[in-house]
Amino acid sequence: MEDEAFTDISGKPISLDCQSHSSFCREFIISSPKVSMGKVMVYTCSVWLLAYAVFFFTQNTAVLSGAILVTLVGMMLHIHFVKVDHESLLVIGSLGIQVSSSYASGREITTFIEMSKIKDIVINEAIYMHQIIYYLCVLLKDPSEPDAVSSVVPLFQSSKPRLNCLVKVYKSCQEILSKCQ
Amino acid sequence: MVLKIFFPQCCNRAESGLLVGRWISGHDSAVVLAVIHYPFIPGQVKQYIQQMQAQSGVGLTVLGSWSLPKEGQESMESFLRDLSTIFPQQRWLQVSRQMGKMGFICEVVNRNQNGQETQQEAKKQNDDDEEEEKVIFVHYEQRKVMLSQLHPTESGDPDLDTEPPSELKQVFQTVARSQPLFFLDRYDDGPLKSTHWQSEGREASIIVELLKQASVPLCVLISWLLALWTWLCSIRIFSLYPLRFLSSKLSTCVQISYRTEHMRTLSSPKPAIEHKQFMRKGNILVSFLVDVGLGVLLMSWLYRDDHIATLANMLMPAADHVAKELEELLQWLMGAPAGLKMNRALDQVLGRFFLYHIHLWISYIHLMSPFIEGILWYGGLSACLGLTFALSLLSDMVALLTFHIYCFYVYGARLYCLKIYGLSSLWRLFRGKKWNVLRQRVDSCSYDVDQLFIGTLLFTILLFLLPTTALYYLVFTLLRLVVVLFQGILHLSVDFINSFPLFAMGLRLFRPYRLAEGVKFQVLCEEPGTALHLLMEINPLKCSTVVQLYRTPTYSCYPRDSWAALVKKLFVGELIYPWRHKSTKVD
């Protein structure tokens, strides 16, 4: 298990964990920083102060209970649907590639792509507003047309690691793919 | 290349024996379906496998041997090697496991063409040997994979040769088709003993079996009833023009024809072979049952506590109230509505015309008032056929009762439309232009003086009469839109009940492994010296995909025009029919 100091494209620290289960099976887990308590406190306090101000003018207690409900529901929705805890890439030679992202509430979304549909894994450049960012993606092919790229699946969408992290993952993946495709 | 062996979880602790399964061509993988235990007679094993192959259509073979030595048993290395000569195969797998250890060890014996054996061992730590055959064991839960259907399902002809199915699809298909293999359990007195997911005893449900037996005469009855109904509907008198036009407009008749189609699908005597047909039948049946259930619930509420009489008594005053409101509205329009000054003569004409119309309508309602309760009582009975019928009936009744609003709207719209067209044409004349019908464009044209004079006069008249007509048109269009909105809501809910795939949704919620979008792999703990072990779990379909895939095609009710086109039509005065009904698709 290796842990260097990687950051994502906005500068927040992330961590990369490479596990080698076998010579042809490797797993890469990129973890994003957790929900910071400071931010949670700031948001909650601001919503409640606003609600209290409205209550002060309208004297309606429904505003206060509404604010509490909104805070709770908003937090639950955020950790269940928005906040990604870690994303992982499992490469199994001659079987396929599994991409999974797990959210802060424990929910996991997994996709498995079979080796016959995979053409290659590459690092692509993209121009996003004023920056050029790099992202790792899987090129898929139709088994009936092995030369054409049918679609592109980008990896690590929420963690958005920088190039040094991507190069490491890329080199590791290519070792397996070149042997077992 | 890496050899992949799909191993069922139920056989993890099976006693030593032979591995029976199928090699998947082109992908260097094997699916293990069952383990046949010692002692056995090779001739009987071969006969059994041939029998199973004939019954299931799967290319079964003996893949190799499995050894899990109990305490005190010495290793049977040489015995196992001799087995490979009894069952001549291209490749022979020798899988072994030690009690207390989790990992398996696999030796692959290749037989090349000269009949000589070359043996390769698969161990994890040998990195530098390029000739090594590496083995992955993929553990799967046999019962779930057998019942599951991997999406996208292949549709239509299985002989279509576009591309060979993928590896996972072949694995799923192999396990699903090998059902005859799983009928042999340990209580059978046959010569062979095997281990698979059902070897502890065959599972079956009495209720399911009884339903299957009962469904045959039920299907016969339903198809006979349907034949009778179809004969009734095809009597000549019903294909006369007015009745046919009416029956295509009334949503109750449309719903009846819809349900007839559904019943026809359900009552076909052949059982559904393909997965899609099976799901379609299931969805139709469950939708129908839920519909009837909701209808009966509605009926039980309606006929209790004299609700019908209350409703009927409420209806007359409500109709009177609506008529009074409309009359007041017209009186307001005939005066100076919102401070606008109307053209007195035209105002009076239009106002009196509409007032007389309302008077006619209210007399007609009063005429029908003694029959209202009876109509409601008998109409409520139709809810026993389903909630959708009750809603369609309600929608039709609303359409009939607000027929006068529809008439007003049509009159107002036609008048306004004529006025707008007249105005635009005379405006062109005013500027010295003309519409060229041949070229579909505006061309210049020289008019005579008297043409210009009359044209300008008419233009002025129409222009100054515009606010009056426009106001009447606006008011009645708004009323019509309210009615159309209400009918649209009713139709949307009928459509929703008809088309929502309840059976597929229930299957997705309670048996998520049956509808599989893909698989998930998890690396099981590894021990040095053994092959890589993965656990394959089924990844169920997303709920939105389930709804999209298994929707029963219906006359879906959706807006015909975009918002911009609708506003344009309203402005010009064209008659709008905002909801479009797609015709029933035949799959």
Side-chain angles (χ1 to χ4, degrees), chain A residues 1 17-29 80-81 86-103 106-119 138 140-148 150-151 153 172-173 175-181, chain B residues 1-6 24 26-29 103 122-130 132-138 150 152 160-172 516-542:
Chain A
M1 302 212 220
D17 181 15
C18 306
Q19 290 180 10
S20 184
H21 300 288
S22 139
S23 65
F24 50 88
C25 174
R26 295 207 187 136
E27 189 167 6
F28 308 96
I29 305 180
H80 196 69
F81 290 111
H86 59 263
E87 293 176 299
S88 81
L89 175 72
L90 173 67
V91 181
I92 310 169
S94 90
L95 198 57
I97 292 184
Q98 174 167 294
V99 180
S100 113
S101 52
S102 68
Y103 292 83
R107 178 170 86 115
E108 275 205 33
I109 297 190
T110 322
T111 328
F112 177 73
I113 309 169
E114 290 185 64
M115 204 44 106
S116 59
K117 293 208 182 76
I118 294 178
K119 189 157 193 276
V138 182
L140 299 183
K141 67 172 193 243
D142 212 4
S144 53
E145 265 181 83
D147 290 331
S150 69
S151 59
V153 177
S172 230
C173 288
E175 279 173 20
I176 301 181
L177 281 184
S178 54
K179 267 193 294 181
C180 312
Q181 189 157 30
Chain B
M1 272 301 282
V2 181
L3 174 66
K4 293 155 270 190
I5 302 179
F6 289 85
I24 298 193
H27 283 115
D28 209 15
S29 40
K123 285 213 178 115
K124 186 188 154 197
Q125 283 143 339
N126 287 347
D127 293 328
D128 40 24
D129 199 343
E130 297 291 332
E132 287 281 315
E133 180 128 23
K134 305 189 189 96
V135 181
I136 304 181
F137 281 97
V138 179
L150 196 60
L160 275 178
D161 213 352
T162 47
E163 55 194 60
S166 67
E167 181 180 10
L168 283 175
K169 213 165 178 63
Q170 290 198 39
V171 169
F172 275 71
E517 187 183 34
V519 294
K520 288 195 272 220
F521 287 98
Q522 196 186 335
V523 179
L524 296 173
C525 67
E526 64 249 26
E527 292 167 355
T530 61
L532 179 68
H533 291 268
L534 298 170
L535 176 65
M536 182 172 90
E537 288 168 325
I538 296 184
N539 206 7
L541 271 185
K542 285 201 275 272

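Numbers restart at 1 for each chain; the letters A, B, ... are given by sequence-line order, proteins then strands. Note that these values count all heavy atoms, side chains included, but never hydrogens, waters or copies made by symmetry.
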* Asked: Is it the backbone or the side chain of L168(B) that comes under 4.5 Å from a heavy atom of chain A, or both, or neither?
  -> both
* **Partner residues of Q522(B) under the side chain to side chain contact (heavy atoms under 4.5 Å, CB included) criterion, sequence neighbours left out** => L535(B), E537(B)
* Residue I92(A) versus chain B: region with a heavy atom under 4.5 Å -> side chain
* May I ask you to decide if S94(A)'s main-chain N or O and K4(B)'s side chain share a donor-acceptor pair within less than 3.5 Å? => yes
* Structure fact -> Applying a strict 4.5 Å limit to non-hydrogen atoms, the region of K520(B) in contact with chain A is both
* Asked: Distance from L532(B) atom CG to F24(A) atom CZ, nearest 0.5 Å?
  -> 5.0 Å
* Structure fact -> Sequence neighbours excluded, the answer for ring-ring contact (aromatic ring centres under 6.0 Å, His included) partners of F521(B) is F112(A)
* To do: Could you check if a side-chain atom of E167(B) sits within less than 4.5 angstrom of a side-chain atom of S116(A), using non-hydrogen atoms only?
  => no
* Structure fact -> Heavy-atom closest pair (V523(B) atom, C25(A) atom, distance to 0.1 Å) is CG2-SG, 4.3 Å
* Side chain, backbone, both or neither: which part of V519(B) has a non-hydrogen atom closer than 4.5 Å to chain A? -> both
* Against chain B, work out which of L90(A), I113(A), T110(A) has the most heavy-atom pairs shorter than 4.5 Å and name it. => T110(A)
* Asked: Looking only at atom types and distance, does a side-chain atom of N539(B) sit under 3.5 Å from a main-chain N or O of T111(A), one as donor and one as acceptor?
  -> no
* To do: Show the numbers, then the answer: is there a side chain to side chain contact (heavy atoms under 4.5 Å, CB included) between L534(B) and L95(A)?
  => CA-CA 11 Å; L534(B) 298 170; L95(A) 198 57; 3.8 Å; yes
